[in-house]
Protein chains: 2
Amino acid sequence: MKPKNNKLITLDEFKEKNYGKRGTKKRDELEAGYENFKIGVLLQEARLQKGLTQEELAEKVGTTKSYISKIENDIKEVRISTLQKIVELGLGGHLDLSIKL
Amino acid sequence: MKPKNNKLITLDEFKEKNYGKRGTKKRDELEAGYENFKIGVLLQEARLQKGLTQEELAEKVGTTKSYISKIENDIKEVRISTLQKIVELGLGGHLDLSIKL
DNA sequence: TCAAAAGTTTCACTTTAGTGAAACTTTTGT
DNA sequence: ACAAAAGTTTCACTAAAGTGAAACTTTTGA
């Protein structure tokens with residue numbers, strides 16, 4: 001079957017959903033930590049571009065669909081090696097990482 | 001004082017030091033996992049460019065010099081948020097991350 | 001409308017990054 | 001040569017990522 005037509009929520013929608021409205025303490029505290037969300041969206045975009053379901057991707061990487069789901073949606077941290085594994089083994093792509101001073 | 005004039009070892013030197021000569025089982029098994037090394041080198045280059053000691057960097061980030069040393073040299077994994085913290089708080093730079101399909 | 005496929009959530013467990021103090025080694029500058 | 005600063009290593013602990021099974025919810029396609 002095809003992947004579900006998941007609408008990618010925006011960063012603002014995500015923040016409000018998870019951290020509350022702007023100006024609240026919780027929201028402000030966590031404002032800086034949205035990088036994980038961006039990674040999740042990035043991964044989801046890439047997966048859909050490839051026309052893969054979470055389960056298909058999971059199998060290629062050697063994990064389960066529940067873990068893929070968590071990465072795409074949750075606030076959880078991802079290790080660089082994990083991200084790399086998903087991108088390379090699962091999506092046949094390449095993860096780029098650089099420091100700009 | 002100034003940072004030590006650490007010579008950055010090459011990827012090949014690193015691999016041989018940590019995993020043994022090419023062709024051995026251990027070396028082959030871990031061949032793919034050198035991304036951490038590259039990150040360490042990247043960070044060290046950036047730190048030296050800024051003329052900071054490990055201790056100075058550590059203080060800015062809110063950690064200790066022993067941890068900085070580990071990241072620059074060890075095989076250990078680094079979380080993306082940790083890397084980001086070091087780059088932004090410590091080096092005043094920006095961490096770029098992208099997926100190429 | 002409704003079964004099957006896709007995606008999410010919960011729970012419980014294992015592994016490992018993150019952490020600091022302290023002892024140690026290496027480099028620097030005089 | 002040698003003291004002080006820079007960097008490394010070890011040890012031990014804590015918090016959080018990694019993991020899978022299974023129950024659950026949502027979407028798809030006929």
Side-chain angles (χ1 to χ4, degrees), chain A residues 1-9 13-14 17-18 30 33 35-37 39-41 43-90, chain B residues 1-9 13-14 17-18 30 32-33 35-37 39-41 43-90 95:
Chain A
M1 224 186 195
K2 280 177 186 169
K4 276 196 192 178
N5 186 13
N6 270 20
K7 32 189 170 310
L8 303 166
I9 70 174
E13 288 167 347
F14 170 82
K17 182 185 165 203
N18 287 286
L30 296 167
E35 203 67 18
N36 303 311
F37 165 73
I39 288 162
V41 168
L43 271 178
Q44 186 170 338
E45 277 176 352
R47 175 176 64 82
L48 293 175
Q49 224 164 53
K50 287 273 172 180
L52 294 170
T53 66
Q54 291 183 341
E55 196 159 21
E56 288 167 336
L57 177 58
E59 198 179 7
K60 288 188 181 209
V61 177
T63 181
T64 56
K65 60 182 187 168
S66 61
Y67 184 50
I68 300 293
S69 174
K70 274 172 211 159
I71 292 179
E72 289 187 4
N73 296 296
D74 277 9
I75 318 159
K76 280 215 176 174
E77 270 293 332
V78 188
R79 272 182 223 152
I80 290 162
S81 69
T82 304
L83 196 55
Q84 205 184 350
K85 210 166 59 175
I86 294 171
V87 170
E88 291 181 1
L89 270 63
Chain B
M1 224 189 194
K2 279 178 186 168
K4 276 197 195 176
N5 186 14
N6 270 20
K7 32 191 171 307
L8 303 165
I9 68 173
E13 286 167 349
F14 170 80
K17 182 185 162 202
N18 288 286
L30 297 167
E35 204 65 19
N36 303 311
F37 165 74
I39 288 162
V41 169
L43 271 178
Q44 187 170 338
E45 277 176 353
R47 175 175 65 81
L48 293 176
Q49 223 164 53
K50 287 271 171 182
L52 294 170
T53 65
Q54 290 182 343
E55 196 159 22
E56 288 166 338
L57 177 58
E59 199 180 6
K60 288 188 180 209
V61 178
T63 181
T64 56
K65 61 180 185 168
S66 60
Y67 184 50
I68 300 293
S69 174
K70 274 172 211 159
I71 292 179
E72 289 187 2
N73 296 296
D74 277 7
I75 317 158
K76 278 214 176 173
E77 271 293 332
V78 188
R79 272 182 222 151
I80 291 162
S81 68
T82 304
L83 196 55
Q84 206 184 349
K85 210 167 60 177
I86 294 171
V87 170
E88 292 181 0
L89 269 64
L95 181 68

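The figures that follow rest on heavy atoms only: side chains count, while hydrogens, waters and symmetry mates do not. Residue numbering restarts at 1 for every chain, and letters A, B, ... go by the order of the sequence lines. Predicted model, so just to flag it, every value in this text is computed and none were measured.
- Rounded to a whole Å, the CD1 atom of A/Ile68 is 12 Å from the C1' atom of C/dG7.
- Side-chain contact check for B/Ile86 versus B/Val78: every heavy-atom pair is 4.5 Å or farther apart.
- Between A/Glu56 and A/Lys50 no salt bridge is recorded (no basic side-chain N to carboxylate O distance below 4.0 Å).
- Regarding B/Ile80, its CD1 atom lies at a distance of 14 Å from the P atom of C/dA17, rounded to whole Å.
- Within the 4.5 Å cutoff, no side-chain heavy atoms of A/Leu43 are placed close to those of A/Ile68.
- Side-chain nitrogen and oxygen atoms of B/Lys85 include at least one within less than 4.0 Å of the OP1 or OP2 phosphate oxygen of C/dT19.
- When the C1' atom of D/dA5 is taken as reference, atom CG of B/Leu52 falls 15 Å away, rounded to whole Å.
- In this structure, the side chains of A/Thr63 and A/Leu57 stay at 4.5 Å or more apart for every pair of heavy atoms.
- For the pair B/Leu43 CG and C/dG18 P, the computed distance is 12 Å after rounding to whole Å.
- Here the P atom of nucleotide D/dT8 and the CD1 atom of B/Ile71 are 12 Å apart, to the nearest Å.
- Residues A/Val61 and A/Lys85 are in side-chain contact: their nearest non-hydrogen atoms beyond the backbone lie under 4.5 Å apart.
- In the set D/dG18, C/dA6, D/dG7, D/dG7 carries the atom at the smallest distance from any side-chain atom of B/Arg47.
- In this structure, A/Asn73 atom CG and D/dT25 atom C1' are separated by 13 Å, rounded to whole Å.
- Nearer the 5' end of DNA chain D, as judged by each residue's closest nucleotide, is the contact made by B/Lys2, out of A/Thr82 and B/Lys2.
- As a whole-Å value, the separation of A/Glu55 CD from D/dT28 C1' is 15 Å.
- A/Lys65 NZ to A/Gln54 CD: the interatomic distance, rounded to the nearest 0.5 Å, is 8.0 Å.
- Nearest-nucleotide positions on DNA chain C for B/Arg79 and A/Thr53 put A/Thr53 closer to the 5' end.
- Straight-line distance from the CD atom of B/Gln54 to the C1' atom of D/dA6: 7 Å, rounded to whole Å.
- Closest to the A/Lys4 side chain, of the nucleotides D/dG18, D/dT27, D/dT8, is D/dT27.
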Item to check | Pair A/Leu52-A/Arg47, side-chain contact (heavy atoms from CB on, under 4.5 Å): steps then yes or no | outcome: CA-CA 6 Å; A/Leu52 294 170; A/Arg47 175 176 64 82; 3.9 Å; yes
So which protein N/O to nucleotides 20-22 of chain D N/O distances come out below 3.5 Å?
unit_1, atom_1, unit_2, atom_2, d
D/dG20, OP2, A/Thr63, OG1, 3.0
D/dG20, OP2, A/Thr64, N, 3.4
D/dG20, O6, A/Lys70, NZ, 2.8
D/dA21, N6, A/Ser66, OG, 3.4

